[in-house]
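Note: hydrogens, waters and symmetry copies are ignored here, and every other heavy atom, side chains too, is used. On a predicted model such as this, the values are computed, not experimentally measured, just so you know.
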Amino acid sequence: MNVLRTFLLYALLIICSVVVLFPVVYAFLISFMDGAEVLQGHIWPQKFTMANYAAAFQKVPLLEFLLNSFIVSLIVMAGQLIVSSLAAFAFVFLNFKGRDVLFFLCIATMLIPWEAAMIPNFLTVQKLGWLNSYLGLTVPFFALAFGIFLLRQHFKTIPLELYEAAQVSGVGRFRFFWNIVLPLSKTSLITLGVYSFLTTWNMYLWPLLVTNNDHVRTVQIGLKQMQSQEISTEWGVVMAAVIVVILPTLLLLFVGQKHLQKGLMQGAIK
Amino acid sequence: MAQIELVHVYKSYNGKENVIHDLSVSIKPGEFFVLVGPSGCGKSTILRMIAGLETITSGKLLIGGIEANDLPPSKRNLSMVFQNYALYPHLTVEQNITFGLHTKKISKQEQKQRCLEAAEMLGLTDYLKHKPRQLSGGQRQRVALARAIVTHAPICLMDEPLSNLDAKLRAKMRSEIRQLQRRLGITMVYVTHDQVEAMTMADRMMILHEGRPQQIGAPLDIYNHPSNTFVASFIGTPPMNLAEAKVLESLLLFESGRAMRLHHRLPSSIQQVIVGVRPEHIRLAQPGDDHFVAKVVNVEVLGTETLVTFELTKSEHWIARWNGQWNVHIGERVPLTIDETAFLFFHENGQRLNYSIPSYAAGKEEHK
Amino acid sequence: MAQIELVHVYKSYNGKENVIHDLSVSIKPGEFFVLVGPSGCGKSTILRMIAGLETITSGKLLIGGIEANDLPPSKRNLSMVFQNYALYPHLTVEQNITFGLHTKKISKQEQKQRCLEAAEMLGLTDYLKHKPRQLSGGQRQRVALARAIVTHAPICLMDEPLSNLDAKLRAKMRSEIRQLQRRLGITMVYVTHDQVEAMTMADRMMILHEGRPQQIGAPLDIYNHPSNTFVASFIGTPPMNLAEAKVLESLLLFESGRAMRLHHRLPSSIQQVIVGVRPEHIRLAQPGDDHFVAKVVNVEVLGTETLVTFELTKSEHWIARWNGQWNVHIGERVPLTIDETAFLFFHENGQRLNYSIPSYAAGKEEHK
Amino acid sequence: MNTSLSMKSSSSVPIRRKRAIWTTLEGIAYLLPSLILFSIFLFYPMLRTMYLSLYVTDHQGNPVQFVGIENFVYLLKDASFLQSAKATLLFVCYTVPASVFLALCLALMANEKLKGIGLFRTFFSSTMGMSVAASSVIWMFMYNPSIGVINKVLSLFGISDVQWLLDPKIALISVAISTIWMNTGFTFLILLGGLQNIDSSLYESARIAGVSYWYQLRKVTLPLLSPTIFFVTTVSLIHSFQTFGQIDILTKGGPMDATNVIVYSIYKDAFINYNFGSASAQAVILFFAVLVVTFLQFKFGERKVHYQ
Amino acid sequence: DEATATPSENKDGKTEVIFWHAMSGDLETVLKEIVEEFNQSHPSIEVKPIFQGTYEEALTKFNTVAGTKDTPTIMQTFEVGTKYMIDSGKIQPVQKFIDEENYDISQWEKNIVNYYTVDGKIYSMPFNSSTPVLIYNKDAFKEAGLDPEKPPMTYSELKEAARKLTKKQGGQTTQYGFSILNYGWFFEEMLAVQGGLYVNNENGRKGNATKAIFNSEEGLRVFDLIRDMYKEGTFYNVGQNWDDMHAAFQSKKVAMYLDSSAGVKTIIDNAPFEVGVSYLPVPDGVERQGVIIGGASLWMAKNISEKQQKAAWEFMKYLATPEVQAKWHVKTGYFAINPAAYDEEIVKAEWEKYPQLKVTVDQLKQTKPIPATQGALISVFPESRQKVVKAMESLYQGVDPKEALDRAAAETNRALEVANKK
Ligand SMILES: Nc1ncnc2c1ncn2[C@@H]1O[C@H](COP(=O)(O)OP(=O)(O)OP(=O)(O)O)[C@@H](O)[C@H]1O
Ligand SMILES: Nc1ncnc2c1ncn2[C@@H]1O[C@H](COP(=O)(O)OP(=O)(O)OP(=O)(O)O)[C@@H](O)[C@H]1O
Ligand SMILES: [Mg+2]
Ligand SMILES: [Mg+2]
C-alpha cells in the first residue's frame with residue numbers, strides 16, 4: 001500500500017469520524033454548560049460545570065433506573081438471542097414444508113408498526129398480571145423478526161459441508177446448532193446482542209405504559225422526566241443525563257466491537 | 001459389518017441430465033471398495049448418495065440389507081472424509097477429531113485415547129491445540145482423516161483423503177488405513193485418482209466414466225483384462241498405448257503404412273481393431289529380435305524409470321517405459337520390439353474383444 | 001522473463017518459531033522450479049511470500065533484480081494457483097478465468113480467445129457457464145489453473161495445481177503446462193508432492209524439510225546424488241531403503257548379524273555408515289549371483305510392477321521393486337542380490353559421504 | 001435383514017413421509033417460542049387492528065359502529081393522509097439508499113488493515129449506542145435556527161439562515177439527514193461484519209491479478225457482500241417506513257404535515273385524537289404497503305444475492 | 001366491579017392515593033416536595049406521585065386502565081382534556097365533596113373556577129394554571145429607542161415596535177421583532193382576548209359544540225397580524241417547539257414573543273438581558289376581554305373505594321391551601337388557584353425580586369368572566385389544535401389567512417362530527 005493512499009485513507013477516516021462523532025461530542029460539551037450559556041448557543045463551555053450531573057442524579061433516581069435498564073436490557077438480549085437463533089436455525093438447516101411461508105410470516109411481523117400493537121399488548125400484559133414487573137417489560141420483545149432475519153442471513157453463509165459432516169458423524173441437530181452454528185456466528189450474535197441491548201435500553205413508551213413504579217422503571221423515562229413542556233427545559237441537565245444514559249451503551253458497544261474481529265470463517269473448509 | 005447395495009441408481013442435479021446412470025453395485029461387508037474415474041465423473045456424488053447427503057433420483061440404496069434411500073445420514077452409521085475436508089474452523093484439531101464421538105457413547109477417556117492414537121498415526125500430535133486455519137493443506141486433510149478414523153463406524157467413505165500428502169506419508173497412510181480397515185472390519189468406499197492407491201488398497205474397484213460404471217473387479221483383473229479402451233487407458237501409468245489398425249491375416253496395419261507382424265493369425269471375423277499395448281511391454285530390441293524402428297519425440301527420465309515417447313504413426317505417439325535412467329535423445333531412431341502376447345484387442349466401439357494371443361513361451365511375468 | 005532471488009529469508013507466523021529458516025535460492029528467468037517437501041514444511045508459505053501475500057520476517061526477496069519485499073502483489077506481475085483454489089463463488093467459470101485480464105490491457109476478444117483455449121486444454125468447455133459450487137473438486141482445480149494460465153504473466157506460482165486430477169488428465173496437464181511455460185518463457189515456481197511431476201517438469205527442484213532447504217539441483221542429480229538421508233528417502237517411490245551398518249573392511253555388518261560383502265574396500269575412515277539402496281536395485285538373484293536370502297513380509301502387485309517388502313533385519317524392512325506382476329507369497333524366503341554400485345553411503349548424521357563405488361562393468365544403465 | 005423386497009419398497013413412502021413429518025415437527029419445535037410470542041404480541045394485535053379498522057370506535061378504542069371500508073375510503077380521499085403517504089415514501093427514498101450507501105463507504109474504509117482501525121470502527125458504530133430520543137434532542141439543538149451549530153457554520157460561508165425544521169420544503173430532508181446519521185452506526189456494523197466474513201484468499205487472488213480497487217469492489221466485494229446488503233436494505237426499508245421517534249421530537253409531523261409520516265399520523269390519531277378506527281385503517285394500509293415493498297424486495301432483490 | 005379489588009390500604013394501614021401526573025423537570029421536584037409534606041402531615045394517607053409522561057401519554061394510559069384495578073386515584077389532565085374526561089364517564093366530579101363539606105370555592109381564583117365549571121358542576125380540582133403573556137427584551141427596546149416600560153398593547157403598537165426592533169445586517173436579519181409559537185393555545189388566547197368564540201353553543205358550554213367558529217372576524221385578525229408581520233419581515237417563525245422559542249429569545253434572535261406565564265421565571269433567570277413581561281396585545285379598537293386559563297387540573301377516578309376518594313379529596317384540598325399554593329407559585333411560576341396565597345410572605349419576597357410575575361397575575365385578575373374567556377369545551381381539542389397549527393404554518397407559505405383559517409375550521413368540524421357520532 002503506498003503512502004499516499006494510506007494518508008488519504010486516514011484523512012478520510014478522520015473526517016468521517018469528526019462528522020459522525022460531532023453530535024455526541026456536542027452533547028457532551030453542552031452537558032457542562034449552565035442554562036443561560038446553552039440557550040445562547042455556545043459550542044464550547046466557558047467554564048466546565050459539573051452541576052448538571054449533580055442535578056441529573058438528584059432529580060430522578062437515575063442509578064436505580066440505570067440498574068433496571070441494565071436488567072431489562074440483559075434479559076431481553078438473552079431472550080432475543082435464544083429465541084431468534086433457534087428460529088433462524090430452523091429456517092436455514094431444517095428443510096420442511098411450509099418453511100418459507102413461516103419465514104415470510106416472521107418477516108411480516110417486522111412490518112407491523114409497534115405503535116399499532118401497543119394498546120392490545122398493554123391489555124394482554126395487564127391480563128397476564130405482568131404490569132410493574134420485569135416480565136411485562138421483557139417477554140413481549142423476545143421474538144424479534146429482525147433478529148431471526150439477521151441470523152438467518154449469517155447462518156446461510158456457513159458452508160453446507162459442515163452441516164453434512166455433522167450429520168454424517170451422527171451429531172444431533174441441536175448439538176450442531178449449539179457447538180458449531182452458534183460459535184461460528186459469534187459476530188452476528190454479538191451484533192444482534194448489542195442491537196437488542198441498545199434498543200431495549202432506548203425504549204420509552206412501552207416501559208412507561210407497563211410500569212407505575214420507580215422500582216422497575218427504566219432510564220429513558222428518567223430522561224423524559226427531566227424535560228419539561230411548558231417551561232424551559234434545563235438543557236445542560238438533560239444533556240448530562242443523556243451522557244449518563246448513553247455512556248453505558250457506548251461502553252458496551254466498544255467492548256462488543258472488540259469481539260467483532262476478523263471473521264472466523266477463514267480456512268473453514270478447504 | 002455392513003453391506004452396501006446400489007440398485008439401478010440414477011442421479012440428476014438439475015432434473016435434466018443424469019450425472020449417474022444406472023449404477024448397480026453391491027459392496028460386500030468388510031470390503032475395501034475403490035471408486036476411480038476421471039475428474040467430474042460422479043465419484044463424490046456416489047459417496048454423497050451413500051452418505052445420505054444427496055437424494056437418490058431413482059433406484060434403490062440398501063445398507064445392511066435395509067432400504068436406506070430415506071434414512072437420515074446420522075442413522076446410517078458411517079463416517080466420511082470430505083474432499084474439501086469440512087473442518088470446523090473454530091474448533092481445535094483435537095475437538096475437530098473427537099467431535100461427534102459422544103453420540104457413539106464413548107467415554108471421555110476413550111475419546112481422548114482414540115484421538116491421540118489417530119493423531120500419532122497421522123503426525124498431528126504437535127498440532128492438537130491448533131485451529132484449522134493455522135495448518136497447511138496436508139495437515140488439514142490429515143485432521144479430516146483422523147476424524148473419520150476415530151469413529152470406528154462400520155462403514156467409512158473417503159473422498160480423495162490423501163491427495164494433498166507427500167509420497168512418503170501417503171505410502172504410510174495407505175498401509176495404515178488398509179490395516180485399520182482390516183482390523184476393524186470396516187466396509188470402505190474410497191475415492192481416489194491415484195493408481196497406486198487404487199491398486200494396492202482395493203479389494204475391488206469400480207471404474208466410472210461420465211456417470212456410467214465401466215468395470216468392477218479386483219484391481220489386477222482390471223489391469224490385465226480391461227473391458228474396454230476407456231478402462232485400459234485409464235488404469236496404468238503411463239496409460240496403455242492404443243491405436244486403430246486394420247487386420248490382414250497376421251498383419252496389423254496402422255495408419256500411414258506401419259505394419260506389425262504377429263506369429264498368430266487373428267480370427268477372420270476381426271478386420272478392424274483397436275490395438276492396445278502397455279508401455280512396459282515395449283522394449284528396446286536386442287539384436288535378432290523382430291523389431292520396428294521409430295523416432296523418439298520425447299524422453300522423461302524419472303530416476304527409477306525412463307519414459308520414451310515415440311512416433312507410431314505420424315499422428316500417433318506411443319510411450320515406452322523402461323527401468324532405470326536411459327540416455328536417449330529426442331529425434332533419435334530406436335529399434336523397438338513388442339512381445340506379441342502383450343497385445344490387447346478392442347472393437348472399434350471400444351469393447352474388448354474376447355481374444356488374446358496364447359503365450360507360447362511361458363511368460364517370465366509369472367515367475368515362480 | 002524474471003528472476004526470483006530469495007536471500008537469507010526467514011518467516012515466522014507468530015513471532016516465535018520460524019516456519020522458514022535461512023532460505024537462499026535464486027530462480028533463473030524462464031526456469032521451471034519445483035518445491036517439494038513433506039506436508040507442512042513451508043512450501044505454500046514460500047509461494048505466498050513470493051506473491052507478496054505474506055510478509056517476509058527477515059531477509060530479502062528480489063524479483064527481476066529489484067527488491068520486492070514491500071512491493072504489493074499486483075506490482076509483482078505474477079499469477080498464482082492457490083492450494084484451495086480461491087474461486088469466486090458468484091462468478092461463472094468463464095468469469096473466474098478471465099477475472100482481472102482487463103488490467104493487462106487485453107481486448108475482450110483476446111480474453112475470450114484465451115479463456116476458450118485454456119478451457120479446451122483443461123476440458124472445461126462444457127462448464128464455462130457453471131458456478132464453482134456446481135463443479136467437482138477436480139473441475140474447480142482446473143478452473144484455478146486456467147485462471148493462472150490465461151494471464152501469461154512472466155512469473156507463475158502454482159500450489160499443488162494437479163492434486164485432484166486423475167492420472168491421465170494429470171499426465172496431459174503436466175506436458176501442457178511444461179510446454180506453455182517453455183513457449184512463453186515463464187518463470188515457474190511449482191509446489192507439488194507428486195514425484196513424477198517433480199521429476200518430469202522441473203528444471204531444478206528444491207527439497208524442503210521443516211522450513212530448511214535440503215538440496216537444490218536438477219531432478220536427476222538429486223535422485224542420483226541425494227545430499228542426505230532425508231532427500232534420499234523423500235525422492236523416489238518407494239523411497240530409498242536405508243539401514244545403519246558397521247563397516248569392516250569390505251564387509252557391511254547390519255544389526256542382528258546380517259552381513260553383505262562388497263568387492264571393494266571402503267576407506268578405513270568410514271566405520272559406521274547408513275547404507276542406502278533404491279528398491280529397483282534389489283533384484284531377484286539369478287543362479288550364481290552373490291545373494292542373500294530374506295523373508296517376504298508384504299507384496300503389493302501394482303500391475304506394472306510389484307513391490308516386495310522383505311525383512312533385512314528383524315526390525316528393518318526393505319522394499320524391492322520389480323517390473324511386472326510377480327506371484328510372490330508373504331512368508332516366502334527369496335534370494336536377493338544388490339548391484340554393488342547401487343549402494344549409497346551416508347554419515348550417521350545423515351550427510352552423504354563423498355564416496356561411491358566405481359562401477360567396473362560399464363553400467364547397463366548408461367545405454368547408448 | 002431378510003424382509004422381502006416388495007415390503008421394503010412399499011415401506012419407502014411411509015418412511016419418507018414419516019421423516020418429513022418428523023422434520024416438520026422438529027422445525028416447529030425450534031420455531032415454537034417465536035411463533036407463540038409473535039401470535040400473542042404481534043398477530044393478535046394486528047388482527048384486532050384490522051378488525052377495528054372496520055369500525056368507528058369510542059374514546060377507549062372499543063368498536064361502536066360497523067362502518068365497513070368507510071374508514072379506508074375516507075383516508076384515500078383525505079388530502080392529509082395522501083400527504084402522509086407521500087411524506088412516508090419520500091422519507092424512505094431519502095433515507096434508505098443514503099444510509100446504506102454511506103454505511104457501506106464507512107465499512108469499506110474501516111475494513112482496511114490499518115493501524116488504529118479498531119478505533120475508527122468504534123467511532124463509526126457509536127451512533128448505534130445513541131437512542132433515537134437522545135440523538136433527536138441533539139439534532140434539534142443543532143438544527144435550531146437561532147442557536148444551532150449548523151446555521152452558525154453555514155453563516156461562516158455567508159449562507160443565510162436556513163429554517164431546517166420549519167420550512168416545509170426542507171423539513172423532511174432535515175429529518176432524513178438526522179435519521180441517516182442515527183442509522184449509520186448500525187448499518188455500518190452489520191456491513192462490516194459481512195465484509196469480514198469474506199474469505200481472504202479471494203482478495204489475495206484479486207491482489208495478484210492486480211485489478212484496481214474499484215474493479216475488485218464491483219466484482220468481488222459487492223457480490224460477496226450482497227446477502228448482507230440485501231439484509232440491511234430490507235431492514236432499513238422496513239424501519240424507515242416506521243420512523244417515529246425523531247419525527248415526534250423534531251417536528252411533530254409539521255410544518256404543514258410535511259413530515260407527518262404515516263406512523264406518526266397513526267400515533268396522533270390513536271393517542272391524541274382517539275380515532276382508533278382511522279388509526280387502525282392507516283395501520284392496515286401501512287402494513288400492506290410495506291408488505292408489498294418487502295415482497296418485491298425479496299422477489300427481485302434476493303435474486304441478485306449470492307449466497308455462498 | 002373489578003375496581004373494588006384495588007387495595008385501598010397499604011401494609012402500613014395507610015390509605016394509598018395513587019397520583020398520576022405529567023410534571024417533569026423542576027416541576028416534578030417541587031410536586032414531590034409538596035406531596036412529601038402532605039404525607040408527613042397526614043399520617044393515615046400516603047400519596048404516591050407517579051410520573052406518566054406527557055399529558056397525552058398519561059391520558060392514553062388512563063384511558064386503557066380506567067375501570068380496572070390499575071386505575072390511579074388522582075389523575076392530572078391538561079385543560080383541553082376536560083371535556084374528554086367528563087365524557088369518558090370514568091371520573092368522579094369533585095363537586096360531590098364540595099357539596100358534602102360545603103367547601104368554600106369562593107376563595108379560588110374566579111377565572112380558574114370558571115374554566116372548570118361545566119354545567120354548573122366542578123368536575124376537577126384546578127391545580128397548575130397558566131396564561132399567556134408577552135415577553136420582551138428590555139435592552140433591545142432601549143437600543144431601538146423604545147420605552148422599555150411601555151410595551152405594545154395593541155396590534156399597531158406591536159407592529160410598530162417590531163419594525164423598530166427588527167435589525168438587519170447585510171441581507172440577513174439578525175433580530176426579529178416578534179414571534180408566536182405555532183401552538184393552538186396562543187391562537188385561542190388571542191381569540192379570547194378579543195371576545196371571540198372558538199366553537200358554537202357558547203364555546204360548547206351550553207351543550208355539545210357542533211361547529212367551529214374561530215374563523216370569525218376575530219380569528220382572522222390574528223391570522224392577518226401574523227401574515228402581515230411575516231411579510232414585513234418583522235415576524236420570526238420559531239416552529240412549534242417551546243425550547244426553540246426560548247432559545248430564539250435568549251439568543252436575541254427575537255425581541256418580543258408570547259409565552260406561558262409558567263415559564264417567565266426561568267426566562268428571566270437565564271436571559272443575559274433585562275426581561276419585560278406584559279399583557280397580550282389586542283387589535284386596535286377592540287376591548288380587552290382577558291385570557292383563558294391554561295394548564296391542568298386534578299381528576300378523581302370513579303371506581304375506587306370511598307376511603308380512597310376521601311383521602312384524595314383531602315390531598316386536593318391540601319394543594320389548594322394558600323401556603324401550598326404560594327410555594328407552588330413561587331417555585332414554578334404557575335398561578336395560585338387561591339389568591340390568598342399572593343399575600344403569603346414568600347410570594348411577596350418573590351415578587352420583589354421578579355416584579356414581572358405580578359403582571360401575569362394582574363392580567364388574569366382583570367379577565368372578564370364571559371364564555372370566550374371561559375374557554376372552549378370540546379372533546380377533540382387536541383385534534384383541532386393540530387389543524388390550527390397547520391393553518392398557522394401555512395401562513396408562512398403564503399396561504400391566504402382566510403383560506404387557512406377556513407380549512408382549519410372545516411377540519412375541526414369533521415372531527416366534531418365524528419366525535420359526536422360516538
Ligand atoms: N496462518 C498461519 N498461522 C500459523 N501457522 C501457520 C499458518 N499457516 C501455516 N502455518 C504453519 O506453517 C507451517 C508451514 O505451512 P505451509 O502451509 O507453508 O505448509 P506446506 O508446505 O504448504 O504444506 P502442505 O503440503 O501440507 O500444504 C505449518 O506447520 C503450518 O502449521
Ligand atoms: N451441486 C451440483 N449441482 C450441479 N451439478 C453438480 C453439482 N455437484 C456436482 N455436479 C456435477 O456433477 C458431476 C459429478 O460431480 P462429482 O463431484 O461427483 O465428480 P467427482 O467424480 O467427484 O470429480 P472429482 O474427482 O473432480 O472430485 C460433475 O460434472 C459436476 O459438474
Ligand atoms: Mg469429487
Ligand atoms: Mg500448502
Side-chain angles (χ1 to χ4, degrees), chain A residues 9 12-13 16-17 20-21 23-24 26-27 39 41 43 83 86-87 89-90 94 96-97 99 102 106-113 115-117 119-121 124 140 142-143 146 148-150 153 156-157 159 187-188 191 198 202 204 220 242 245-246 249-250 253-254 257 260 262-263 265-266, chain D residues 23-24 26-27 30-31 33-34 37-38 40-42 44-46 48-49 61 106 109 112 114 120-134 137-139 142 147 149 184 189-190 193 196-197 199-200 227-228 231 235 238 242 244 263 266-267 283 286-287 290-291 294 307-308:
Chain A
L9 208 59
L12 262 177
L13 282 167
C16 292
S17 306
V20 168
L21 285 183
V24 187
Y26 188 45
L39 287 176
I43 294 184
V83 173
L86 282 173
F89 180 72
L94 281 151
F96 54 90
K97 247 205 178 126
R99 181 179 79 163
L102 278 178
C106 278
I107 292 300
T109 63
M110 264 203 283
L111 317 181
I112 300 175
E115 282 72 26
I119 300 287
N121 283 341
T124 309
F142 279 4
F146 165 78
I148 296 175
F149 191 18
L150 176 80
Q153 293 305 89
K156 275 200 158 189
T157 66
T187 22
S188 291
T191 309
L198 297 179
N202 292 332
Y204 164 68
Q220 297 298 334
V242 165
V245 169
I246 64 177
T249 53
L250 284 181
L253 203 67
F254 290 6
Q257 175 65 45
L260 298 167
K262 189 88 196 116
M265 295 307 289
Q266 201 186 1
Chain D
T23 315
T24 309
E26 199 177 339
Y30 281 101
L31 292 175
S34 314
L37 288 165
F38 280 147
I40 299 178
F41 293 108
L42 287 165
Y44 161 70
M46 193 60 211
R48 183 157 173 84
T49 302
L106 292 182
M109 279 195 281
E112 296 284 341
L114 287 177
F120 289 107
R121 288 181 189 167
T122 315
F123 286 166
F124 293 162
S125 54
S126 65
T127 68
M128 187 182 170
M130 309 270 302
S131 67
V132 169
V137 165
I138 297 172
W139 276 92
M142 303 207 307
I147 61 170
V149 70
T184 311
L189 207 55
I190 303 259
Q196 301 204 331
N197 246 344
D199 185 352
S200 61
T228 319
F231 170 76
V235 168
I238 295 174
Q242 302 183 352
F244 170 75
V263 169
I266 294 174
Y267 168 80
L286 178 66
F287 175 80
V290 189
L291 189 72
T294 313
Y307 292 108
Q308 302 269 293

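Take D:Phe38 and apply the ring-ring contact (aromatic ring centres under 6.0 Å, His included) test, not counting sequence neighbours, and it matches no residue. With sequence neighbours left out, the ring-ring contact (aromatic ring centres under 6.0 Å, His included) criterion links D:Tyr30 to A:Phe89.
Looking at D:Leu106, only its side chain comes within 4.5 Å of chain A, counting heavy atoms on both sides. Looking at D:Leu291, both its backbone and its side chain come within 4.5 Å of chain A, counting heavy atoms on both sides. Only the side chain of D:Thr49 comes within contact range of chain A, with heavy atoms under 4.5 Å apart. Contact annotation for D:Leu286: only side-chain heavy atoms (C-beta onward) come within less than 4.5 Å of a heavy atom of chain A. Of the two parts of A:Leu198, only the side chain, counted from C-beta on, holds a non-hydrogen atom closer than 4.5 Å to a non-hydrogen atom of chain D. Residue contact with chain D, scored on non-hydrogen atoms closer than 4.5 Å, involves the side chain of A:Thr124 exclusively.
Looking at D:Phe123 and A:Leu21, their side chains come closer than 4.5 Å, going by heavy atoms from C-beta outward.
Put simply, CD1 on D:Ile190 and CG on A:Leu150 are 4.5 Å apart, with the number rounded to the nearest 0.5 Å. Atom CG of residue A:Leu111 and atom CE of residue D:Met46 lie 9.0 Å apart, to the nearest 0.5 angstrom. Note that OG1 of A:Thr109 is 13.5 Å distant from CZ of D:Phe41, once rounded to the nearest 0.5 Å. Atom-to-atom distance recorded for D:Leu31:CG and A:Phe96:CZ is 5.0 Å, nearest 0.5 angstrom.
Counting heavy-atom pairs closer than 4.5 Å to chain D, the top residue among A:Ile107, A:Asn121, A:Leu12 is A:Asn121. Note on A:Cys16, A:Pro23, A:Ala117: by heavy-atom pairs under 4.5 Å with chain D, the leading option is A:Pro23. Note: A:Leu86 leads A:Val83, A:Val24, A:Leu86 in heavy-atom pairs under 4.5 Å with chain D. Residue with the most contacts toward chain A among D:Phe120, D:Phe231, D:Tyr267: D:Phe231 (heavy-atom pairs, distance under 4.5 Å).
When all heavy atoms are compared, the tightest approach of D:Thr24 to A:Lys97 is OG1-N, 4.3 Å. The nearest pair of heavy atoms linking D:Gly27 to A:Ala90 is O-CB, 3.9 Å. Across every non-hydrogen atom of D:Pro227 and A:Gln153, the tightest pair is O-NE2, 3.2 Å. When all heavy atoms of A:Met110 and D:Gln242 are compared, the closest pair comes out as O-NE2, 2.9 Å. When all heavy atoms of A:Pro120 and D:Tyr44 are compared, the pair lying nearest together is CB-CE2, 4.2 Å.
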